[in-house]
2 protein chains.
Amino acid sequence: MSDGRAAGQRPGEWIPSRPTSRDVAERAGVSQATVSLVLRDRWAGRVSPARAEAVRAAARELGYRPNLAARTLRLGRARTALVVVPALTNEFFARVHAGAARAAAADDVGVVLYPSPEGVGTAPDPFTSASATLDGVVASSMATEALAVLSEGGLPLVMLDSEPDGGAAATVNPDIAAGMRLVAGHLLRLGHRRFAHIAADVDSWTFRVRAGVLAEEVAAVPGAEVVVTERASIDVRGGLLAASRALAGPARPTALVCDDDLLAVGALKAARRRGLRVPDDVSVTGFDDLTMATAVEPELTTVRLPGEELGAAGMRALLAVLRGEVLGTTVLPVELRQRGSTAPPAP
Amino acid sequence: MSDGRAAGQRPGEWIPSRPTSRDVAERAGVSQATVSLVLRDRWAGRVSPARAEAVRAAARELGYRPNLAARTLRLGRARTALVVVPALTNEFFARVHAGAARAAAADDVGVVLYPSPEGVGTAPDPFTSASATLDGVVASSMATEALAVLSEGGLPLVMLDSEPDGGAAATVNPDIAAGMRLVAGHLLRLGHRRFAHIAADVDSWTFRVRAGVLAEEVAAVPGAEVVVTERASIDVRGGLLAASRALAGPARPTALVCDDDLLAVGALKAARRRGLRVPDDVSVTGFDDLTMATAVEPELTTVRLPGEELGAAGMRALLAVLRGEVLGTTVLPVELRQRGSTAPPAP
DNA sequence: CTGAAAGCGCTTACAG
DNA sequence: CTGAAAGCGCTTACAG
């Protein structure tokens, strides 16, 4: 202790000098090795039950907690995963994070969160962060350009809601295509033929799939057509602007298919401002099933994406990859939630 | 390297064997000490500029990143703070986290997030988490019982939106009392006299203040009264149920003062279901100014709590405490956002 | 201006 | 069944 501790303490008295495994060993009258064995539960048949109990008692009395930095250094693994999401203030990504953290905790792995600051755009290098002693990365719904940065870390990478063959060790996706097929089918069956697609202004797999499937499904029905608005930023205001424009055209669409619930909420506002009733004059659909989807009136017909399950499955996939297993792409089912914002078009 | 590395690698080939400072030293033809000095920017006057440049070049070429576990172990500090919030899927706490992470990053400190799984209730011991090499804790809006657990870690603790003298090293609060005074004043000035308080079912400082101030302000006006509903769980459904009950009574209140925007959104729904118009028949106010506040119609009159600023100020306070500074309680200003959900009561 | 050495706290192969 | 020792990668006081 020639310097390190002293140097660490100089800035203030705030460093609680925690007991070390040596302190526990001393108190229990055993060696540090025995302490480690007992506390890591690797003692069966190697340490007598009496001594094991003595160690546990000493640890308890001292309030001993292993120093994770030391353990990490020794073990060469951090038992920590990085979760990268475009924006944490979006409820969907908060759910993804919650699911990932839950699955990680079940395996005694910690999670460090990295919300890409520029929204869904390119993330600056997360690996320079102070918490960057990482075993692997789970990243959700990133824009295409962001992948390169993530791969650069050289860490095992699991992508969520992303291009299936994007170079990640594993991919877990909600069944986006099925979701959009459910929306299109629902509206077509109600009798809609003039659609507007309120599309998000993010260039990522998930939104490309939504656009592609909607176009296909509508094209398959004679007389049906879909116009695509200028791409909208993913917030209420973006939806309001894009939907206003879509509703202003000559052949007014009878259904607004929105890439996200936030856009759909904006579309609801746009319709109301033009004096149109939802769903009587125009139907509106969303994607995600955020809390907001049932907060508004009418409540939104939308696709429920399993955010928590996505995060949990992604973390489990990462853990499996770290164990050396080889994984491909997992697809999670989605559901259509039919609510008050959709109805047959006015005759 | 008798065992450690080998043991670490056995589970799979996934551990990228990263270059160490020794590798950089070798490549640059200097000692490890020089590498450390240069890379930590402590070389001025101690290492010749030419060698410093050589070290930087070598580090760049090898893609060297310091092993944080080793640095942490040596330094005795983790440069990592724990942020504890009741629930991350609540947008307000997501904002708090974002602000805290931003402030931490500015000081090159990492953030580990701990969303108390049981909502706003008692958090189980966060310090057993695998990422628990921590310098300090910032905790927001915790229920009273949760404080004990947090103090137990023995780490410097900054509380946000909490009891000012609750034993934390520092406290940073939005001016909750002023916020509720703004709401009450606004409604009283509009002419309201019969209030219902849709109160949250969480026993914490922030909600006690809201209840206390509302009661006081209303009591100060002759003829004005406030009834308190059964406490509601903080979500749309909770608000809907509590508000339904409040509106069913004999002397129907003309204003529903809600502890949270989610409750207020529920109240909006309750009013609508009873065939009451907002704000013509009944006024509704919220607290927080979530995205949802402007998503609904009419948009909510609410108190804007500065979530990001709260998180950032809290983290800066923790950093100051870690530097040995003594801090008291900081109060952040709040604002009333007047929108469409409030109006004079029907005559 | 530079390097050799010690030590942070832990875990494990090895020797008893 | 138990302990002494080495070493993970880094930083810094110290000796040159």
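Order of the sequence lines fixes the chain letters, A, B, ..., with proteins taken first and strands second; residue numbering starts at 1 for each chain.
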TODO: Please collect all side-chain hydrogen bond (donor to acceptor under 3.5 Å, both in side chains) contacts where either partner lies in residues 306-319 of chain B, sequence neighbours excluded, each pair once.
DONE: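 Counting only pairs at least two positions apart or across chains, the side-chain hydrogen bond (donor to acceptor under 3.5 Å, both in side chains) contacts touching residues 306-319 of chain B are B:Arg102-B:Glu308.
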Task: salt bridge (Lys or Arg N to Asp or Glu O under 4.0 Å): pairs with one or both residues in residues 20-37 of chain B, sequence neighbours excluded - done: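 Sorted result for residues 20-37 of chain B: B:Arg27-B:Glu61.
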Task: Sequence neighbours excluded, every pair satisfying salt bridge (Lys or Arg N to Asp or Glu O under 4.0 Å) that has a member inside residues 154-167 of chain B - done: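 Non-adjacent pairs meeting salt bridge (Lys or Arg N to Asp or Glu O under 4.0 Å): B:Glu163-B:Arg208.
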Return the set of residues passing side-chain contact (heavy atoms from CB on, under 4.5 Å) with [X] (not counting sequence neighbours), or none when no residue passes.
| X | answer |
| --- | --- |
| B:Arg71 | B:Arg40, B:Pro66, B:Leu68, B:Leu75 |
| B:Ala320 | B:Arg323, B:Glu325, B:Leu327 |
| B:Ala59 | B:Val24, B:Leu39, B:Tyr64 |

Just how far, in rounded Å, is [atom2] of [N] from [atom1] of [X]?
| X | N | atom1 | atom2 | answer |
| --- | --- | --- | --- | --- |
| A:Arg22 | D:dG3 | CZ | C1' | 13 Å |
| A:Leu73 | C:dT11 | CG | P | 11 Å |
| B:Arg74 | C:dC8 | CZ | P | 9 Å |
| B:Asn67 | C:dG9 | CG | P | 17 Å |
| B:Leu39 | D:dC10 | CG | C1' | 11 Å |
| B:Leu75 | D:dC10 | CG | C1' | 9 Å |
| B:Arg71 | C:dG7 | CZ | P | 22 Å |
| B:Arg51 | C:dC1 | CZ | P | 12 Å |

Might you list the N or O atoms of the protein lying below 3.5 Å from N or O atoms in nucleotides 14-16 of chain D, with each pair's distance?
none

Task: Close residues, residues 28-37 of chain A, relative to DNA chain D [heavy-atom separation under 4.0 Å] - done: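 Those residues whose heavy atoms fall under 4.0 Å from DNA chain D, taken from residues 28-37 of chain A in numerical order, are A:Val30, A:Ser31, A:Ala33, A:Thr34.
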- [ ] Please list every stem that involves DNA chain C, where a stem is a run of 3 or more consecutive Watson-Crick or G-U wobble pairs with both pairing distances under 3.5 Å.
- [x]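 Looking at DNA chain C, the stems formed by three or more consecutive pairs are C:1-3 with D:14-16, C:5-12 with D:5-12, C:14-16 with D:1-3.
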Task: Nearest-angstrom distance, C1' atom, D:dT12 to D:dG16 - done: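 The same atom, C1', in both gives a distance of 16 Å.
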Task: salt bridge (Lys or Arg N to Asp or Glu O under 4.0 Å) against A:Glu53, all qualifying residues, sequence neighbours excluded - done: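 A:Glu53: salt bridge (Lys or Arg N to Asp or Glu O under 4.0 Å) contacts with A:Arg56, A:Arg60.
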Task: Pairing residues for B:Arg51 by the salt bridge (Lys or Arg N to Asp or Glu O under 4.0 Å) criterion, not counting sequence neighbours - done: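 Result, salt bridge (Lys or Arg N to Asp or Glu O under 4.0 Å) vs B:Arg51: none returned.
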Under 4.0 Å between a side-chain N or O of [X] and OP1 or OP2 of [N]?
| X | N | value |
| --- | --- | --- |
| A:Ser48 | D:dT2 | yes |
| B:Thr20 | D:dC8 | no |
| A:Arg40 | C:dC10 | no |
| B:Ser21 | D:dC10 | yes |

Task: Heavy-atom side-chain contact between A:Pro86 and A:Met142 under 4.5 Å - done: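 Yes, close enough: below the 4.5 Å cut-off.
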Open item on the list: I'd like to check B:Leu155 versus B:Leu157 (side-chain heavy atoms, cut-off strictly below 4.5 Å). Are they in contact?
Closed with: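 In short, these two side chains do not touch, never coming nearer than 4.5 Å.
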Task: Which residues share a side-chain hydrogen bond (donor to acceptor under 3.5 Å, both in side chains) with B:Ser162, sequence neighbours left out - done: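 If we apply the side-chain hydrogen bond (donor to acceptor under 3.5 Å, both in side chains) test to B:Ser162, skipping adjacent residues, there are no hits.
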Task: Test item: B:Asp107 side-chain N/O and B:Val109 main-chain N/O as donor-acceptor pair under 3.5 Å - done: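 No: the side chain of B:Asp107 does not pair with the backbone of B:Val109.
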